[in-house]
There are 2 protein chains.
Amino acid sequence: MDISEPRARIVETADELYNAKGIQAVGMDELRAAAGVSLKKLYGEFPSKSSIVMAVLERRHDSWTEGLDAAVRQAETPRARLLAIFDYLAGWFCQDSFRGCGFINSFAELGAISPDVADYARKHKESFQRYVGKLSEEAGAPPFLAPQLAILAEGAQTTAAIAGTPDAAGQARQAAEVLINAALRSEA
Amino acid sequence: MDISEPRARIVETADELYNAKGIQAVGMDELRAAAGVSLKKLYGEFPSKSSIVMAVLERRHDSWTEGLDAAVRQAETPRARLLAIFDYLAGWFCQDSFRGCGFINSFAELGAISPDVADYARKHKESFQRYVGKLSEEAGAPPFLAPQLAILAEGAQTTAAIAGTPDAAGQARQAAEVLINAALRSEA
DNA sequence: CGAAGTGGAGAACGATCGTTCTCTCCCTGT
DNA sequence: ACAGGGAGAGAACGATCGTTCTCCACTTCG
(Lines give C-alpha, C1' and ligand atoms only; values in the text may rest on other atoms or scores of the structure.)
Protein backbone atom coordinates (compact mmCIF):
# COMPACT_ATOMS: atom_id res chain seq x y z
CA MET A 1 0.00 0.00 0.00
CA ASP A 2 1.85 3.02 -1.29
CA ILE A 3 0.54 6.18 0.32
CA SER A 4 1.97 8.26 -2.47
CA GLU A 5 -0.47 6.56 -4.79
CA PRO A 6 -3.65 8.62 -4.95
CA ARG A 7 -5.92 5.63 -4.63
CA ALA A 8 -4.32 4.40 -1.44
CA ARG A 9 -4.18 7.90 -0.03
CA ILE A 10 -7.87 8.38 -0.70
CA VAL A 11 -8.80 5.18 1.09
CA GLU A 12 -6.54 5.89 4.03
CA THR A 13 -7.86 9.43 4.39
CA ALA A 14 -11.44 8.23 4.08
CA ASP A 15 -10.77 5.61 6.73
CA GLU A 16 -9.52 8.25 9.17
CA LEU A 17 -12.32 10.71 8.44
CA TYR A 18 -15.08 8.11 8.53
CA ASN A 19 -13.72 6.77 11.78
CA ALA A 20 -13.47 10.20 13.35
CA LYS A 21 -16.79 11.68 12.27
CA GLY A 22 -18.94 8.89 10.89
CA ILE A 23 -19.45 7.98 7.26
CA GLN A 24 -22.52 10.05 6.52
CA ALA A 25 -21.03 13.12 8.18
CA VAL A 26 -18.07 13.25 5.76
CA GLY A 27 -18.86 14.67 2.35
CA MET A 28 -16.98 13.99 -0.84
CA ASP A 29 -15.58 17.51 -0.91
CA GLU A 30 -14.18 17.21 2.58
CA LEU A 31 -12.58 13.92 1.62
CA ARG A 32 -11.20 15.48 -1.56
CA ALA A 33 -9.60 18.32 0.40
CA ALA A 34 -8.15 16.05 3.10
CA ALA A 35 -6.74 13.59 0.58
CA GLY A 36 -5.27 16.40 -1.52
CA VAL A 37 -6.77 15.30 -4.80
CA SER A 38 -9.16 16.78 -7.29
CA LEU A 39 -12.78 15.76 -7.52
CA LYS A 40 -12.10 14.51 -11.01
CA LYS A 41 -9.36 12.22 -9.73
CA LEU A 42 -11.58 11.06 -6.88
CA TYR A 43 -14.30 10.00 -9.29
CA GLY A 44 -11.69 8.60 -11.63
CA GLU A 45 -10.50 6.22 -8.94
CA PHE A 46 -13.91 5.38 -7.49
CA PRO A 47 -17.27 5.49 -9.23
CA SER A 48 -19.21 6.50 -6.13
CA LYS A 49 -19.03 7.18 -2.43
CA SER A 50 -20.37 3.76 -1.60
CA SER A 51 -17.49 2.16 -3.48
CA ILE A 52 -15.11 4.18 -1.32
CA VAL A 53 -16.96 2.96 1.75
CA MET A 54 -16.51 -0.63 0.64
CA ALA A 55 -12.81 -0.03 -0.04
CA VAL A 56 -12.47 1.44 3.45
CA LEU A 57 -14.15 -1.62 4.94
CA GLU A 58 -11.72 -3.89 3.10
CA ARG A 59 -8.81 -1.83 4.35
CA ARG A 60 -10.14 -2.00 7.90
CA HIS A 61 -10.58 -5.73 7.68
CA ASP A 62 -7.05 -6.29 6.38
CA SER A 63 -5.47 -3.94 8.90
CA TRP A 64 -7.42 -5.41 11.82
CA THR A 65 -6.71 -8.98 10.77
CA GLU A 66 -3.02 -8.37 10.27
CA GLY A 67 -2.63 -6.45 13.53
CA LEU A 68 -4.45 -9.09 15.50
CA ASP A 69 -2.55 -11.95 13.95
CA ALA A 70 0.79 -10.22 14.55
CA ALA A 71 -0.08 -9.78 18.23
CA VAL A 72 -1.27 -13.36 18.53
CA ARG A 73 1.84 -14.81 16.90
CA GLN A 74 4.04 -13.21 19.53
CA ALA A 75 2.48 -15.44 22.18
CA GLU A 76 4.06 -18.81 22.59
CA THR A 77 1.43 -21.09 24.06
CA PRO A 78 -2.05 -21.71 22.68
CA ARG A 79 -3.55 -20.34 25.85
CA ALA A 80 -1.44 -17.18 25.66
CA ARG A 81 -2.49 -16.76 22.04
CA LEU A 82 -6.13 -16.66 23.07
CA LEU A 83 -5.35 -14.06 25.71
CA ALA A 84 -3.25 -12.06 23.26
CA ILE A 85 -6.49 -11.10 21.55
CA PHE A 86 -7.35 -8.97 24.54
CA ASP A 87 -3.89 -7.46 24.78
CA TYR A 88 -4.30 -6.39 21.19
CA LEU A 89 -7.63 -4.80 22.09
CA ALA A 90 -6.01 -2.97 25.02
CA GLY A 91 -3.41 -1.40 22.77
CA TRP A 92 -6.07 -0.43 20.27
CA PHE A 93 -8.36 1.14 22.88
CA CYS A 94 -5.52 3.36 24.10
CA GLN A 95 -5.06 5.03 20.74
CA ASP A 96 -6.47 8.53 20.57
CA SER A 97 -8.16 7.72 17.30
CA PHE A 98 -10.09 4.79 18.77
CA ARG A 99 -13.78 5.34 18.33
CA GLY A 100 -15.10 1.79 18.41
CA CYS A 101 -15.06 -1.05 15.94
CA GLY A 102 -15.44 0.37 12.47
CA PHE A 103 -17.64 -2.51 11.41
CA ILE A 104 -20.04 -2.16 14.30
CA ASN A 105 -20.18 1.56 13.57
CA SER A 106 -20.71 1.22 9.84
CA PHE A 107 -23.29 -1.48 10.42
CA ALA A 108 -25.14 0.78 12.83
CA GLU A 109 -24.99 3.69 10.43
CA LEU A 110 -25.65 2.02 7.08
CA GLY A 111 -26.49 -1.63 7.70
CA ALA A 112 -30.22 -1.04 7.46
CA ILE A 113 -30.06 0.79 4.14
CA SER A 114 -27.02 -0.79 2.48
CA PRO A 115 -27.00 -4.58 2.13
CA ASP A 116 -23.37 -4.42 0.97
CA VAL A 117 -22.25 -2.80 4.19
CA ALA A 118 -24.34 -5.18 6.30
CA ASP A 119 -22.94 -8.20 4.45
CA TYR A 120 -19.37 -7.04 4.81
CA ALA A 121 -19.76 -6.38 8.51
CA ARG A 122 -21.23 -9.84 8.96
CA LYS A 123 -18.42 -11.43 6.98
CA HIS A 124 -15.83 -9.59 9.03
CA LYS A 125 -17.32 -10.76 12.29
CA GLU A 126 -17.62 -14.31 10.99
CA SER A 127 -13.98 -14.19 10.00
CA PHE A 128 -13.06 -13.12 13.52
CA GLN A 129 -15.16 -15.87 15.02
CA ARG A 130 -13.48 -18.45 12.78
CA TYR A 131 -10.09 -17.08 13.83
CA VAL A 132 -10.93 -17.40 17.51
CA GLY A 133 -12.33 -20.82 16.77
CA LYS A 134 -9.05 -21.91 15.25
CA LEU A 135 -7.01 -20.60 18.19
CA SER A 136 -9.45 -22.20 20.60
CA GLU A 137 -9.21 -25.54 18.84
CA GLU A 138 -5.42 -25.40 18.91
CA ALA A 139 -5.65 -24.85 22.65
CA GLY A 140 -7.66 -28.04 22.93
CA ALA A 141 -10.77 -26.25 24.15
CA PRO A 142 -14.31 -27.44 23.48
CA PRO A 143 -16.16 -25.61 20.69
CA PHE A 144 -18.34 -23.53 22.99
CA LEU A 145 -15.36 -21.46 24.14
CA ALA A 146 -14.76 -19.55 20.93
CA PRO A 147 -18.14 -17.81 20.71
CA GLN A 148 -17.84 -16.85 24.35
CA LEU A 149 -14.48 -15.20 23.81
CA ALA A 150 -15.70 -13.51 20.64
CA ILE A 151 -18.64 -12.04 22.52
CA LEU A 152 -16.27 -10.78 25.20
CA ALA A 153 -14.15 -9.09 22.56
CA GLU A 154 -17.17 -7.47 20.92
CA GLY A 155 -18.46 -6.24 24.24
CA ALA A 156 -15.09 -4.81 25.17
CA GLN A 157 -15.02 -2.83 21.94
CA THR A 158 -18.39 -1.19 22.39
CA THR A 159 -17.90 -0.64 26.10
CA ALA A 160 -14.52 1.01 25.59
CA ALA A 161 -15.87 3.15 22.75
CA ILE A 162 -18.88 4.49 24.61
CA ALA A 163 -17.24 4.81 28.01
CA GLY A 164 -14.20 6.46 26.45
CA THR A 165 -11.81 4.44 28.60
CA PRO A 166 -9.74 1.35 27.79
CA ASP A 167 -10.68 -0.41 31.04
CA ALA A 168 -12.91 -2.93 29.29
CA ALA A 169 -9.93 -4.65 27.65
CA GLY A 170 -8.45 -5.71 30.96
CA GLN A 171 -11.82 -6.71 32.39
CA ALA A 172 -12.56 -8.80 29.31
CA ARG A 173 -9.14 -10.37 29.54
CA GLN A 174 -9.72 -11.44 33.11
CA ALA A 175 -13.08 -12.89 32.17
CA ALA A 176 -11.42 -14.69 29.25
CA GLU A 177 -8.93 -16.31 31.60
CA VAL A 178 -11.74 -17.67 33.71
CA LEU A 179 -13.63 -18.97 30.69
CA ILE A 180 -10.53 -20.56 29.18
CA ASN A 181 -9.64 -22.27 32.44
CA ALA A 182 -13.15 -23.60 32.82
CA ALA A 183 -13.30 -24.81 29.23
CA LEU A 184 -9.95 -26.57 29.39
CA ARG A 185 -10.92 -28.16 32.70
CA SER A 186 -14.18 -29.44 31.27
CA GLU A 187 -12.27 -30.95 28.40
CA ALA A 188 -9.83 -32.80 30.62
CA MET B 1 -47.67 7.15 27.85
CA ASP B 2 -50.88 7.69 25.92
CA ILE B 3 -50.40 6.76 22.29
CA SER B 4 -53.41 8.84 21.33
CA GLU B 5 -51.46 11.89 22.41
CA PRO B 6 -49.61 13.29 19.41
CA ARG B 7 -46.39 13.84 21.29
CA ALA B 8 -46.18 10.24 22.48
CA ARG B 9 -47.17 8.94 19.07
CA ILE B 10 -44.42 10.99 17.44
CA VAL B 11 -41.78 9.65 19.80
CA GLU B 12 -42.94 6.06 19.44
CA THR B 13 -43.05 6.30 15.65
CA ALA B 14 -39.64 7.96 15.57
CA ASP B 15 -38.27 5.20 17.78
CA GLU B 16 -39.50 2.52 15.40
CA LEU B 17 -38.33 4.30 12.27
CA TYR B 18 -34.93 5.25 13.68
CA ASN B 19 -34.45 1.69 14.85
CA ALA B 20 -35.43 0.20 11.52
CA LYS B 21 -33.54 2.52 9.18
CA GLY B 22 -31.11 4.58 11.21
CA ILE B 23 -31.60 8.10 12.48
CA GLN B 24 -30.04 10.01 9.62
CA ALA B 25 -31.91 7.96 7.04
CA VAL B 26 -35.32 9.04 8.34
CA GLY B 27 -36.39 12.53 7.31
CA MET B 28 -38.86 14.72 9.12
CA ASP B 29 -41.43 14.31 6.37
CA GLU B 30 -41.30 10.54 6.56
CA LEU B 31 -41.73 10.75 10.32
CA ARG B 32 -44.61 13.18 9.89
CA ALA B 33 -46.37 10.80 7.51
CA ALA B 34 -45.79 7.72 9.66
CA ALA B 35 -46.95 9.45 12.82
CA GLY B 36 -50.04 10.79 11.06
CA VAL B 37 -49.44 14.36 12.11
CA SER B 38 -48.87 17.65 10.36
CA LEU B 39 -45.47 19.27 10.04
CA LYS B 40 -46.79 22.23 11.99
CA LYS B 41 -47.79 19.99 14.88
CA LEU B 42 -44.46 18.18 14.69
CA TYR B 43 -42.57 21.43 15.10
CA GLY B 44 -45.08 22.58 17.67
CA GLU B 45 -44.22 19.59 19.85
CA PHE B 46 -40.48 19.54 19.20
CA PRO B 47 -38.26 22.45 18.21
CA SER B 48 -35.90 20.34 16.09
CA LYS B 49 -35.04 16.86 14.93
CA SER B 50 -32.28 16.55 17.50
CA SER B 51 -34.78 17.15 20.29
CA ILE B 52 -36.84 14.28 18.90
CA VAL B 53 -33.72 12.13 18.88
CA MET B 54 -33.09 12.91 22.53
CA ALA B 55 -36.73 12.13 23.38
CA VAL B 56 -36.37 8.80 21.57
CA LEU B 57 -33.24 8.02 23.56
CA GLU B 58 -35.07 8.74 26.80
CA ARG B 59 -37.91 6.50 25.71
CA ARG B 60 -35.49 3.74 24.81
CA HIS B 61 -33.75 4.04 28.15
CA ASP B 62 -37.00 3.87 30.10
CA SER B 63 -38.36 0.98 28.07
CA TRP B 64 -35.10 -0.99 28.27
CA THR B 65 -34.71 -0.38 31.98
CA GLU B 66 -38.29 -1.33 32.79
CA GLY B 67 -38.21 -4.44 30.61
CA LEU B 68 -34.96 -5.62 32.09
CA ASP B 69 -36.02 -4.97 35.64
CA ALA B 70 -39.33 -6.78 35.11
CA ALA B 71 -37.47 -9.84 33.80
CA VAL B 72 -34.98 -9.73 36.64
CA ARG B 73 -37.66 -9.45 39.32
CA GLN B 74 -39.21 -12.70 38.18
CA ALA B 75 -36.10 -14.58 39.26
CA GLU B 76 -36.02 -15.66 42.86
CA THR B 77 -32.39 -16.03 43.78
CA PRO B 78 -29.63 -13.42 43.39
CA ARG B 79 -27.77 -15.75 41.07
CA ALA B 80 -30.86 -16.32 38.93
CA ARG B 81 -31.38 -12.57 38.76
CA LEU B 82 -27.95 -12.12 37.23
CA LEU B 83 -28.70 -14.79 34.66
CA ALA B 84 -32.12 -13.30 33.96
CA ILE B 85 -30.32 -10.44 32.23
CA PHE B 86 -29.36 -12.84 29.46
CA ASP B 87 -32.81 -14.37 29.25
CA TYR B 88 -34.13 -10.88 28.71
CA LEU B 89 -31.60 -10.39 25.93
CA ALA B 90 -32.66 -13.67 24.33
CA GLY B 91 -36.26 -12.57 24.16
CA TRP B 92 -35.23 -9.23 22.74
CA PHE B 93 -32.98 -10.72 20.06
CA CYS B 94 -35.83 -12.89 18.80
CA GLN B 95 -38.04 -9.94 18.00
CA ASP B 96 -38.27 -9.15 14.30
CA SER B 97 -37.64 -5.51 14.99
CA PHE B 98 -34.35 -6.19 16.78
CA ARG B 99 -31.56 -4.36 15.04
CA GLY B 100 -29.03 -3.99 17.86
CA CYS B 101 -28.83 -1.79 20.90
CA GLY B 102 -30.28 1.61 20.04
CA PHE B 103 -27.65 3.37 22.11
CA ILE B 104 -24.74 1.63 20.47
CA ASN B 105 -26.30 2.43 17.11
CA SER B 106 -27.02 6.07 17.85
CA PHE B 107 -23.56 6.48 19.35
CA ALA B 108 -22.01 5.02 16.22
CA GLU B 109 -24.09 7.21 13.98
CA LEU B 110 -24.06 10.53 15.84
CA GLY B 111 -21.72 10.22 18.81
CA ALA B 112 -18.85 11.90 17.01
CA ILE B 113 -20.85 14.93 15.93
CA SER B 114 -23.42 15.25 18.71
CA PRO B 115 -22.11 15.50 22.27
CA ASP B 116 -25.66 15.18 23.58
CA VAL B 117 -26.12 11.79 21.94
CA ALA B 118 -22.69 10.63 23.08
CA ASP B 119 -23.36 11.72 26.65
CA TYR B 120 -26.73 10.05 26.76
CA ALA B 121 -25.36 6.79 25.41
CA ARG B 122 -22.62 6.89 28.01
CA LYS B 123 -25.10 7.59 30.78
CA HIS B 124 -27.31 4.73 29.65
CA LYS B 125 -24.43 2.27 29.68
CA GLU B 126 -23.26 3.53 33.06
CA SER B 127 -26.77 3.03 34.38
CA PHE B 128 -26.75 -0.56 33.12
CA GLN B 129 -23.38 -1.18 34.70
CA ARG B 130 -24.60 0.18 38.02
CA TYR B 131 -27.64 -2.06 37.77
CA VAL B 132 -25.51 -5.13 37.16
CA GLY B 133 -23.26 -3.98 39.96
CA LYS B 134 -26.18 -3.86 42.36
CA LEU B 135 -27.39 -7.36 41.37
CA SER B 136 -23.86 -8.65 41.60
CA GLU B 137 -23.39 -7.19 45.05
CA GLU B 138 -26.66 -8.72 46.22
CA ALA B 139 -25.36 -12.08 45.04
CA GLY B 140 -22.30 -11.61 47.22
CA ALA B 141 -19.92 -11.51 44.29
CA PRO B 142 -16.67 -9.54 44.26
CA PRO B 143 -16.77 -6.21 42.39
CA PHE B 144 -14.92 -7.46 39.32
CA LEU B 145 -17.85 -9.64 38.27
CA ALA B 146 -20.23 -6.85 37.26
CA PRO B 147 -18.07 -5.30 34.50
CA GLN B 148 -17.44 -8.78 33.11
CA LEU B 149 -21.14 -9.54 32.86
CA ALA B 150 -21.86 -6.11 31.41
CA ILE B 151 -19.25 -6.69 28.70
CA LEU B 152 -20.82 -10.04 27.92
CA ALA B 153 -24.21 -8.39 27.54
CA GLU B 154 -22.82 -5.68 25.26
CA GLY B 155 -21.03 -8.22 23.13
CA ALA B 156 -24.13 -10.36 22.84
CA GLN B 157 -26.10 -7.36 21.57
CA THR B 158 -23.67 -6.44 18.81
CA THR B 159 -23.03 -10.04 17.85
CA ALA B 160 -26.72 -10.84 17.59
CA ALA B 161 -27.39 -7.66 15.63
CA ILE B 162 -24.68 -8.19 13.03
CA ALA B 163 -25.04 -11.95 12.74
CA GLY B 164 -28.79 -11.65 12.53
CA THR B 165 -29.31 -14.59 14.86
CA PRO B 166 -30.18 -14.71 18.57
CA ASP B 167 -27.56 -17.36 19.34
CA ALA B 168 -25.29 -14.94 21.17
CA ALA B 169 -27.74 -14.62 24.06
CA GLY B 170 -27.44 -18.28 25.00
CA GLN B 171 -23.69 -18.30 24.51
CA ALA B 172 -23.32 -15.23 26.71
CA ARG B 173 -25.57 -16.78 29.30
CA GLN B 174 -23.40 -19.89 29.50
CA ALA B 175 -20.31 -17.73 29.83
CA ALA B 176 -22.04 -15.72 32.54
CA GLU B 177 -22.73 -18.88 34.51
CA VAL B 178 -19.05 -19.77 34.45
CA LEU B 179 -18.00 -16.28 35.48
CA ILE B 180 -20.56 -16.13 38.28
CA ASN B 181 -19.53 -19.50 39.62
CA ALA B 182 -15.88 -18.54 39.58
CA ALA B 183 -16.55 -15.17 41.23
CA LEU B 184 -18.67 -16.68 43.99
CA ARG B 185 -16.08 -19.38 44.59
CA SER B 186 -13.29 -16.82 44.86
CA GLU B 187 -15.35 -14.92 47.41
CA ALA B 188 -15.95 -17.91 49.62
C1' DC C 1 -74.93 34.68 10.04
C1' DG C 2 -70.46 36.29 10.11
C1' DA C 3 -65.79 37.07 11.87
C1' DA C 4 -61.87 35.37 14.03
C1' DG C 5 -58.82 31.98 14.96
C1' DT C 6 -56.94 27.21 14.86
C1' DG C 7 -54.80 23.53 12.47
C1' DG C 8 -53.73 20.75 8.33
C1' DA C 9 -51.64 20.24 3.62
C1' DG C 10 -47.97 21.16 1.31
C1' DA C 11 -45.16 24.77 -1.17
C1' DA C 12 -41.01 27.21 -0.40
C1' DC C 13 -36.36 28.23 1.35
C1' DG C 14 -31.62 27.78 2.19
C1' DA C 15 -28.15 24.48 3.00
C1' DT C 16 -25.75 20.47 1.79
C1' DC C 17 -25.17 16.21 -0.41
C1' DG C 18 -23.28 13.17 -4.35
C1' DT C 19 -22.10 13.71 -8.90
C1' DT C 20 -20.99 15.91 -13.36
C1' DC C 21 -19.48 19.65 -16.32
C1' DT C 22 -16.79 23.57 -17.78
C1' DC C 23 -12.94 26.14 -18.20
C1' DT C 24 -8.32 26.93 -17.95
C1' DC C 25 -3.59 25.90 -17.42
C1' DC C 26 0.39 23.31 -18.28
C1' DC C 27 2.99 19.67 -20.16
C1' DT C 28 4.40 17.17 -24.13
C1' DG C 29 5.73 15.83 -28.95
C1' DT C 30 7.28 17.29 -33.33
C1' DA D 1 6.93 27.43 -31.42
C1' DC D 2 2.64 25.50 -31.49
C1' DA D 3 -1.23 22.12 -31.39
C1' DG D 4 -3.30 18.67 -28.43
C1' DG D 5 -4.58 16.58 -24.40
C1' DG D 6 -4.83 15.49 -19.60
C1' DA D 7 -5.50 17.23 -15.00
C1' DG D 8 -6.91 20.59 -11.43
C1' DA D 9 -10.14 24.07 -9.60
C1' DG D 10 -14.42 24.80 -8.72
C1' DA D 11 -19.08 26.08 -10.72
C1' DA D 12 -23.27 23.79 -11.60
C1' DC D 13 -27.01 20.38 -11.16
C1' DG D 14 -30.60 17.75 -9.25
C1' DA D 15 -31.99 15.62 -5.11
C1' DT D 16 -32.93 15.77 -0.38
C1' DC D 17 -32.54 17.52 4.13
C1' DG D 18 -34.38 20.39 8.23
C1' DT D 19 -37.18 24.14 8.87
C1' DT D 20 -40.52 27.87 7.93
C1' DC D 21 -44.27 30.05 5.47
C1' DT D 22 -48.54 30.40 2.89
C1' DC D 23 -52.97 29.37 2.09
C1' DC D 24 -57.30 27.46 2.84
C1' DA D 25 -60.94 24.82 5.24
C1' DC D 26 -63.23 24.33 9.32
C1' DT D 27 -64.74 25.35 13.86
C1' DT D 28 -66.47 28.32 17.31
C1' DC D 29 -68.46 32.18 19.59
C1' DG D 30 -71.05 36.74 19.60
Side-chain angles (χ1 to χ4, degrees), chain A residues 2-57 105-106 108-118 120, chain B residues 2-57 105-106 108-118 120:
Chain A
D2 187 355
I3 197 181
S4 69
E5 285 296 322
R7 190 181 174 88
R9 195 168 63 246
I10 290 169
V11 176
E12 172 172 338
T13 308
D15 193 355
E16 294 169 1
L17 287 177
Y18 291 168
N19 178 69
K21 308 172 68 172
I23 294 172
Q24 308 197 67
V26 176
M28 293 297 269
D29 196 66
E30 180 177 359
L31 171 58
R32 172 206 61 78
V37 301
S38 69
L39 263 185
K40 179 179 275 185
K41 173 135 264 159
L42 231 188
Y43 279 94
E45 296 286 345
F46 298 94
S48 65
K49 178 173 181 175
S50 56
S51 72
I52 298 181
V53 171
M54 295 308 293
V56 166
L57 291 186
N105 289 349
S106 59
E109 202 173 346
L110 300 172
I113 55 181
S114 165
D116 288 346
V117 170
Y120 204 97
Chain B
D2 187 354
I3 199 179
S4 70
E5 286 295 321
R7 189 180 175 88
R9 194 168 63 247
I10 290 169
V11 176
E12 171 171 339
T13 308
D15 194 355
E16 293 169 3
L17 287 176
Y18 291 168
N19 178 68
K21 310 172 68 173
I23 295 173
Q24 307 197 68
V26 176
M28 294 295 271
D29 196 65
E30 181 178 358
L31 172 58
R32 173 205 62 77
V37 84
S38 70
L39 262 186
K40 181 179 274 185
K41 172 135 266 161
L42 231 189
Y43 279 94
E45 295 286 346
F46 298 94
S48 65
K49 178 173 181 174
S50 57
S51 72
I52 297 181
V53 171
M54 295 308 294
V56 167
L57 292 186
N105 290 349
S106 60
E109 202 173 345
L110 300 171
I113 55 181
S114 165
D116 288 345
V117 170
Y120 204 97

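A quick note: this is a predicted structure, and the numbers were derived from the prediction, not measured. Each chain gets a letter, A, B and so on, in the order the sequences are listed, and its residues count up from 1. FYI, side chains are in, hydrogens and waters are out, and symmetry mates aren't considered; it's all heavy atoms of this structure.
In terms of the side-chain hydrogen bond (donor to acceptor under 3.5 Å, both in side chains) criterion, A:Ser38 has no residue partners (sequence neighbours excluded). The side-chain hydrogen bond (donor to acceptor under 3.5 Å, both in side chains) test applied to B:Asp15 returns B:Arg59, B:Arg60, not counting sequence neighbours. With sequence neighbours left out, the side-chain hydrogen bond (donor to acceptor under 3.5 Å, both in side chains) criterion links A:Ser51 to no other residue.
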When the side chains of residues 39-47 of chain A are checked against the rest of the protein, which donor-acceptor pairs come out under 3.5 Å, sequence neighbours left out?
none

Show every donor-acceptor pair shorter than 3.5 Å between a side-chain atom in residues 28-36 of chain A and any protein atom, with sequence neighbours excluded, or say none if there are none.
{"residue": "A:Asp29", "atom": "OD1", "partner": "A:Arg32", "partner atom": "NE", "Å": "3.0"}
{"residue": "A:Glu30", "atom": "OE1", "partner": "A:Lys21", "partner atom": "NZ", "Å": "3.4"}
{"residue": "A:Glu30", "atom": "OE2", "partner": "A:Lys21", "partner atom": "NZ", "Å": "2.6"}

Just by protein heavy atoms under 4.0 Å, how would nucleotides 7-27 of chain C read 5' to 3' in B, S and -? BB--B------SBB-B-----

